[in-house]
Amino acid sequence: MFDFHDFFDVSKKIEQNNVMEKEAFRRTAVSRAYYSIFKLADEYLKKNYSSIYHTFGGGGSHQKVWNMYDRCSPIDQMGISDKGFRLLDLRKKADYIENETISKSDVKLANREAEKIINRLDGSSHIKS
């Protein structure tokens, strides 16, 4: 089974190597950082909240996942929904909006926020910090 932490590793490697001069790499890094946290958040819900969560498919599935983290107790205490929504917006910009630039700062933000989400999911303490 694929480990979605590896997507985050790809994004970090792009950030740390001298390839960020090319926007394609910056866009890829943002997208991989986002998909790492989206899939880990989705898997966490499947594993721990199967009675109320069933994988969402189709349009709006990403918003529905982050809404679960925003509105359902006790996972709302993880404090990750805002970061998830922020990274979703940045990922959409990276994947779909060709006339907006993805900067090095965007990549750093994506990786910083993704790491916070990953740490909270992996720690699964349900507590904001």
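Under a hydrophobic clustering in which Ile, Leu, Val, Met, Phe, Trp and Tyr are joined whenever their side-chain heavy atoms come within less than 4.5 Å, directly or via other members, Tyr49 and Ile117 fall into the same cluster. Put simply, Phe85 and Tyr96 are part of two different groups of oily side chains (I, L, V, M, F, W, Y) that touch within less than 4.5 Å, one to the next.
Here the side chain of Thr101 pairs no donor or acceptor atom with the backbone of Ser103 at under 3.5 angstrom. Distance alone, capped at 3.5 Å, is enough to place a donor-acceptor pair between the Asp3 side chain and the His5 backbone. Within the 3.5 Å criterion, the main-chain N or O of Gly84 finds no donor-acceptor partner in the side chain of Tyr69.
Closest approach of Ala94 and Val30 over heavy atoms only: CB-CG1, 3.9 Å. Annotation for Asp6 and Phe2: closest pair CB-CZ, 4.0 Å, computed over non-hydrogen atoms. Pairing each heavy atom of Val65 with each of Phe38, the nearest pair is CG2-CE1, 3.7 Å. The two residues Ile14 and Met20 come nearest to each other via the heavy atoms O-CG, 3.3 Å. Across every non-hydrogen atom of Ala114 and Leu87, the tightest pair is N-CD1, 3.8 Å. Nearest approach of Ser11 to Ala33, heavy atoms of both residues: OG-CB, 3.6 Å.
Arg112 pairs by the side-chain hydrogen bond (donor to acceptor under 3.5 Å, both in side chains) definition with nothing, not counting sequence neighbours. For Lys46, the salt bridge (Lys or Arg N to Asp or Glu O under 4.0 Å) partners are Asp42, not counting sequence neighbours. Scanning for side-chain hydrogen bond (donor to acceptor under 3.5 Å, both in side chains) contacts around Thr28 gives an empty result, with sequence neighbours left out. By the ring pair (Phe, Tyr, Trp, His ring centres under 6.0 Å) test, Tyr53 pairs with Phe56, sequence neighbours left out. Glu23 meets the side-chain hydrogen bond (donor to acceptor under 3.5 Å, both in side chains) test with Arg27; sequence neighbours excluded.
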Verdict with reasoning, Leu109 to Val107, per side-chain contact (heavy atoms from CB on, under 4.5 Å) = CA-CA 5 Å; Leu109 170 71; Val107 173; over 6 Å; no
message = Please determine whether side-chain contact (heavy atoms from CB on, under 4.5 Å) holds for the pair Asp106 and Lys93, giving the CA-CA distance in whole Å, both sets of side-chain angles, and the decisive distance to 0.1 Å.
response = CA-CA 10 Å; Asp106 290 329; Lys93 179 179 162 184; 3.8 Å; yes
Candidate pair Leu121 and Met78, rule side-chain contact (heavy atoms from CB on, under 4.5 Å), full reasoning = CA-CA 8 Å; Leu121 289 170; Met78 293 175 86; 3.6 Å; yes
request  = Begin from the C-alpha positions of Asp82 and Arg86 and carry the test side-chain contact (heavy atoms from CB on, under 4.5 Å) through to its verdict.
outcome  = CA-CA 6 Å; Asp82 289 345; Arg86 189 175 315 119; 4.3 Å; yes
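Inter-residue side-chain proximity for Asn99 and Ile97 is flagged as met; some heavy-atom pair is nearer than 4.5 Å. Between Lys13 and Arg32 the shortest side-chain heavy-atom distance does not fall below 4.5 Å. Contact of the Phe4 side chain with the Ile37 side chain is not registered, since no non-hydrogen atoms from C-beta on lie closer than 4.5 Å.
For the atom pair CG (Asn111) and OG (Ser36), the distance works out to 8.0 Å, reported to the nearest 0.5 Å. Taking CG from Asp89 and NZ from Lys92, the interatomic distance works out to 6.0 Å, rounded to the nearest 0.5 Å. Considering CE of Met68 and NZ of Lys64, their distance stands at 11.5 Å, rounded to 0.5 Å. A distance of 10.0 Å separates OH in Tyr44 from CG in Asp122, rounded to the nearest 0.5 Å.
Look at Glu21 and Lys104 and you find a salt bridge, because one of the NZ, NE, NH1 or NH2 atoms lies within 4.0 Å of a carboxylate O, short of that distance.
Between Tyr35 and His62, the ring planes are perpendicular. Angles over 60° get that label, and only those under 30° would be called parallel.
Listed by first then second residue, pairs satisfying salt bridge (Lys or Arg N to Asp or Glu O under 4.0 Å) with a partner in residues 65-75 number zero, not counting sequence neighbours.
Environment of CG in Asn18: sparse, with no more than 12 heavy atoms of neighbouring residues, nucleotides or ligands closer than 6.0 Å.
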